[in-house]
Amino acid sequence: MADILYFVIPCYNEEEVLPETSKRLKEQLGHLVSKGLAHPDSRIVFVNDGSKDRTWELIEQLHAQDAVFSGVNLSRNRGHQNALLAGLMTVKDAADLTISMDADLQDDIAACEEMLEKYYDGADIVYGVRSRRQTDTFFKKFTAEGFYKLMNGMGANTVYNHADYRLLSRRALEGLAEFTEVNLFLRGMVPLVGFPSEIVYYERAERYAGESKYPLKKMLGFALEGITSLSTKPLQMITGLGGVVFLICIVALCYSLIRHAMGETIVGWTTTMLSIWGIGGAILLSLGVIGEYIGKIYLETKNRPRFIVEQFLDDKHGFETKKKRERGNPAVPEDTKKAPSEEISEE
Ligand code: UDP
Ligand code: MG
């Protein structure tokens with residue numbers, strides 16, 4: 001049998017798109033089940049992130065009409081990343097794998113098939129990456145691409161042009177659950193989990209209806225969150241700046257001494273100049289050093305896992321965190337299926 005797939009969709013004020021999104025996702029899931037890529041017990045989970053409109057009512061209706069739809073209702077608006085993690089962690093034990101995507105149909109749901117193929121080929125994480133941004137406005141494209149460049153430049157490594165459309169296997173979800181930090185930046189955290197990963201390219205469409213919940217202000221906040229929650233590079237930059245100022249001070253010292261020796265300076269100029277540069281440099285350097293320690297404290301307080309074991313080879317206690325996968329194929333009658341692979345999946 002194929003593995004149980006859970007779609008996880010965070011929704012904030014999405015009443016305009018939900019009817020269409022649910023319809024298309026159900027179709028897609030039906031298609032995946034018929035191709036033997038997903039188990040018939042697979043589900044579509046909408047996470048209501050404290051919406052102010054009728055989003056939750058719609059989710060309740062969908063669930064009442066069809067058991068394929070599930071819902072998670074958050075107590076209040078916690079933002080996209082928290083809503084997504086809430087959904088993933090809620091379904092973690094029921095699902096063999098999850099695919100997360102936005103509610104607005106911008107992520108091409110047809111790419112799921114390729115993601116699943118890669119999953120059955122052994123990938124634990126499959127990143128959906130936008131191949132083009134044709135439909136985005138120039139402004140959105142410019143700011144979004146600047147966002148990735150800024151992030152990477154600041155030491156917060158992310159997969160370029162990948163947002164939150166991704167497949168995660170159960171062990172990847174379990175790995176992610178070990179990250180206990182509260183400042184969430186999932187697209188930076190998932191690569192830290194490790195395990196084999198793959199990329200699937202898709203074209204990003206326009207928002208189906210409604211408006212973006214990520215205006216420039218939120219996006220800048222998000223970038224800042226990403227940088228400060230993944231990297232302590234800004235602190236190291238202070239140390240660097242201190243070093244540069246100190247170097248300038250030495251050059252200025254030589255220059256002033258020469259001028260002084262030539263008798264071309266006003267009394268007091270040299271000492272004033274040097275103390276300004278010297279003290280400035282010393283302050284910045286010391287701040288940088290303090291920053292380095294604060295950075296270490298910061299990373300320690302996150303309490304992140306120090307390692308995640310993939311496999312332990314040992315005759316008595318050995319284990320493998322990898323889940324054995326078998327792609328179901330309904331076209332083949334059960335009894336003609338190869339016996340050995342059946343045995344493996346029963347383990
Ligand atoms: N979202 C959320 N909580 C928020 C803001 C957004 O759950 O506080 C969801 C939203 O419903 C959508 C996804 O996050 O499913 C991405 O938001 P949006 O499409 O507005 O962002 P954009 O595509 O414009 O970057
Ligand atoms: Mg969107």
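Counting convention: from 1, in listed order, for ligands and their atoms alike.
Geometry note: the Mg ion (ligand 2) is the vertex, Q106 OE1 and D104 OD2 are the arms, and the angle is 100° (rounded to 10 degrees).
Taking 4.5 Å as the limit, some side-chain heavy atom of P191 sits within range of a side-chain heavy atom of Y127. The closest side-chain heavy-atom distance from Y119 to L37 is not below 4.5 Å. Between R171 and D124, some side-chain heavy-atom pair lies under the 4.5 Å cut-off. In this structure, I9 and V45 have side chains that are not in contact, with every pair of non-hydrogen atoms separated by 4.5 Å or more.
Residue R170 is tested with D96, D93, D3 for a salt bridge (Lys or Arg N to Asp or Glu O under 4.0 Å); the sole match is D96. Applying side chain to side chain donor-acceptor pair (under 3.5 Å) to Y12 and the options K52, R78, H80 leaves one that passes, K52.
Here the CE atom belonging to M101 is positioned 6.0 Å from the CD1 atom belonging to I99, to the nearest 0.5 angstrom.
Shortest contact from atom 19 (O) of ligand 1 to any protein heavy atom: D104 OD2, 2.6 Å. Ranking protein heavy atoms by distance to atom 23 (O) of ligand 1, first place goes to Q106 OE1, 2.7 Å. From the protein, the heavy atom lying nearest to atom 24 (O) of ligand 1 is S212 OG, 2.5 Å. Nearest protein heavy-atom neighbour of atom 1 (N) of ligand 1: Y12 CB, 3.7 Å. Y214 CD1, 3.9 Å is the protein heavy atom nearest to atom 17 (O) of ligand 1. Nearest non-hydrogen protein atom to atom 9 (C) of ligand 1 is P10 O, 3.8 Å. For atom 11 (O) of ligand 1, the closest non-hydrogen atom on the protein side is E14 OE2, 2.5 Å. In terms of protein heavy atoms, atom 18 (P) of ligand 1 is closest to R207 NH2, 3.4 Å.
The N/O atoms of A83, backbone and side chain alike, include none that comes under 3.5 Å of an N/O atom in ligand 1.
Which of D102, L18, D49 comes nearest to atom 4 (C) of ligand 1 through a heavy atom is settled by distance: it is D49.
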Check the pair Q28 / C112 against side chain to side chain contact (heavy atoms under 4.5 Å, CB included), numbers first and verdict last.
CA-CA 9 Å; Q28 175 69 0; C112 288; 3.7 Å; yes

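Relative ring orientation between F46 and F69 is described as parallel, the plane-to-plane angle staying below 30° on a 0-90° scale split at 30° and 60°.
Taking 2.8 Å as the threshold, D102 does not count as a candidate ligand of the Mg ion (ligand 2), since none of its N, O or S atoms lies below it.
Proximity of D164 to ligand 1, defined as any heavy-atom pair under 4.0 Å, is not found for any part of the residue.
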